[in-house]
2 protein chains.
Amino acid sequence: MFHARGYDAVGVADLTAALDIKPPSLYAAYGSKLGLFERALQSYVETDFLPVGEILATDADPARALTNLFVAAARHYTRNPERRGCMITEAMRADDAEAAAVASAFGERGSKIIHDYIVAHASPEAVDRILDYVLVNLRGLSSFACLGHTAEKLVGCSEVAGGALKAEFAASAAG
Amino acid sequence: MFHARGYDAVGVADLTAALDIKPPSLYAAYGSKLGLFERALQSYVETDFLPVGEILATDADPARALTNLFVAAARHYTRNPERRGCMITEAMRADDAEAAAVASAFGERGSKIIHDYIVAHASPEAVDRILDYVLVNLRGLSSFACLGHTAEKLVGCSEVAGGALKAEFAASAAG
DNA sequence: GGGAATTTTTAGCGATCACTAAATAAGAGC
DNA sequence: GCTCTTATTTAGTGATCGCTAAAAATTCCC
């Protein structure tokens with residue numbers, strides 16, 4: 001439910017109804033709504049998170065590998081109609097500051113994998129802007145998936161996005 | 001306030017306190033919280049919306065013009081610490097479905113301007129994917145601005161994003 | 001089976017949500 | 001100044017929010 005509707009739009013009443021328990025049981029088990037949310041994020045990371053490392057290993061060419069990441073994200077974020085977008089990325093924008101902070105901490109892990117990959121393949125002064133570009137694009141893809149756009153559409157613009165990476169890594173190799 | 005915190009996180013109590021009136025006055029003037037929100041969006045469009053048409057007219061080269069749009073967005077979305085990101089783009093993701101729908105209607109206007117510009121400069125089969133790419137990027141930029149990222153960072157990845165446009169419009173011109 | 005520990009529920013809590021009927025105050029016209 | 005109209009406030013409404021003290025039910029161990 002948190003994935004489908006975000007932290008703020010899901011109330012304890014919704015959660016207890018879905019779990020078929022009463023509020024004190026939820027609090028006994030998870031401590032708070034936020035505690036349950038953290039558990040849900042953890043579970044998402046373990047079971048449904050985009051396998052970034054694996055995808056980046058699919059091609060020796062960094063531009064192609066990162067484009068594959070975009071395409072995989074586009075497909076991943078649209079594959080389940082009940083759970084569109086990236087739960088973590090979307091939760092980073094929760095109205096509740098604590099929920100947003102928790103999600104950001106989880107998000108840092110994925111970003112680090114991508115960062116390390118880019119460090120290993122680009123010239124030092126290009127690393128930050130490539131990383132930012134990749135993260136901004138993933139953010140946009142997740143959001144568009146949530147808004148209901150099709151996989152086809154998102155894959156299409158992911159391929160376009162790959163063009164920028166080609167140029168950047170070519171410049172890094174030449175520099 | 002709606003810009004800074006979104007529709008859902010701002011309550012009628014916050015609004016009446018800021019306007020120094022009591023709730024029935026707000027309802028007398030605007031009909032509902034949503035009514036006030038629409039007015040705020042309208043005001044935003046008239047006073048603070050990215051001047052898309054003007055920016056696209058800054059360069060005869062479409063790739064450069066659209067890159068200028070990204071750069072302008074990056075600067076625009078970060079210029080006021082109290083009002084980060086694009087109010088309309090962010091409101092499209094409101095928890096309240098009516099608020100989100102109203103914001104989407106406003107968003108269509110900006111998208112149409114960009115769409116028409118791309119139709120005039122790209123080959124027909126590339127139009128949709130370029131447009132989607134541009135919109136996904138703008139979405140990501142707005143979101144990152146809201147998350148507190150610097151103008152510098154966002155301008156940097158906007159320039160990277162422009163690389164993809166160069167490739168696309170070169171292909172369109174060749175095709 | 002009985003007692004203690006654990007789990008779950010009942011029955012709320014104080015706060016906030018968007019909104020409103022009725023009363024009061026302010027403004028306009030004579 | 002008086003009366004009528006308009007604007008604003010007072011004093012709530014019913015619903016939902018995240019959460020909890022106390023009571024009841026269930027489980028575990030002897």
Side-chain angles (χ1 to χ4, degrees), chain A residues 1-45 82-83 85 87-107 146, chain B residues 1-45 82-83 85 87-107 146:
Chain A
M1 294 182 81
F2 282 129
H3 192 158
R5 294 154 55 196
Y7 182 79
D8 310 295
V10 178
V12 168
D14 299 314
L15 295 166
T16 52
L19 297 168
D20 198 30
I21 55 173
K22 302 302 180 184
S25 297
L26 184 145
Y27 288 92
Y30 303 107
S32 62
K33 179 184 171 187
L34 184 65
L36 174 55
F37 183 63
E38 281 192 83
R39 279 287 279 280
L41 286 177
Q42 184 64 43
S43 174
Y44 178 76
V45 166
E82 309 300 325
R83 312 224 206 126
M87 183 175 171
I88 291 173
T89 300
E90 296 304 316
M92 283 161 73
R93 294 283 291 122
D95 292 331
D96 184 277
E98 284 179 302
V102 167
S104 291
F106 276 104
C146 291
Chain B
M1 295 180 81
F2 282 130
H3 192 158
R5 295 153 56 193
Y7 183 79
D8 309 296
V10 178
V12 167
D14 299 315
L15 295 166
T16 51
L19 296 168
D20 199 28
I21 55 173
K22 302 301 179 181
S25 297
L26 184 144
Y27 289 92
Y30 304 107
S32 62
K33 180 184 169 185
L34 183 65
L36 174 55
F37 183 64
E38 282 192 81
R39 281 285 280 281
L41 286 177
Q42 185 63 45
S43 174
Y44 178 75
V45 166
E82 308 299 326
R83 311 226 207 122
M87 183 176 171
I88 292 174
T89 301
E90 296 303 317
M92 283 163 71
R93 293 283 291 120
D95 292 331
D96 185 276
E98 285 180 300
V102 167
S104 291
F106 277 103
C146 291

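Residue numbering restarts at 1 for every chain, and letters A, B, ... go by the order of the sequence lines.
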(request) Measure the shortest side-chain to side-chain distance between B:Q42 and B:F106 over non-hydrogen atoms and say whether it is less than 4.5 angstrom. (result) yes
(message) Main chain of A:D8, side chain of A:D96: is a donor-acceptor contact present, judged purely on distance under 3.5 Å?
(response) no
(message) Strictly distance-based, threshold 3.5 Å: is any side-chain N or O of A:K33 a donor or acceptor partner for the main-chain N or O of A:L15?
(response) no
(message) Using whole Å, what does the distance between atom P of nucleotide C:dA15 and atom NZ of A:K33 come to?
(response) 19 Å
(message) If we ignore hydrogens and angles and just use 3.5 Å, is the side chain of A:S104 paired with the main-chain N or O of A:A100 as donor and acceptor?
(response) yes
Scan nucleotides 6-9 of chain D against the protein and return all N/O pairs shorter than 3.5 Å with their distances rounded to 0.1 Å.
residue : atom : partner : partner atom : Å
D:dT9   : OP2  : B:K22   : N            : 3.2
D:dT9   : OP2  : B:S25   : OG           : 2.9

(request) Grab the CG-C1' distance between B:D14 and C:dA18 for me, whole Å please. (result) 12 Å
(request) Starting from P on D:dG18, measure out to OH on A:Y30 and report it in whole angstrom. (result) 16 Å
(request) Would you mind reading off the distance between A:D8 atom CG and D:dC17 atom P, rounded to a whole angstrom? (result) 12 Å
(request) For A:R93, check side chain to side chain donor-acceptor pair (under 3.5 Å) against everything at least two apart and list the hits. (result) B:E90
(request) Can you label the angle between the A:Y7 ring and the A:F2 ring as parallel, tilted or perpendicular, going by 30° and 60°? (result) parallel
(message) In this structure, how many angstroms lie between the P atom of C:dA18 and the CG atom of B:D95, rounded?
(response) 12 Å
(message) Nearest whole Å is fine: how far is D:dC19 P from A:Y27 OH?
(response) 4 Å
(request) Find the distance B:D96:CG to C:dC17:P and express it as a whole number of Å. (result) 14 Å
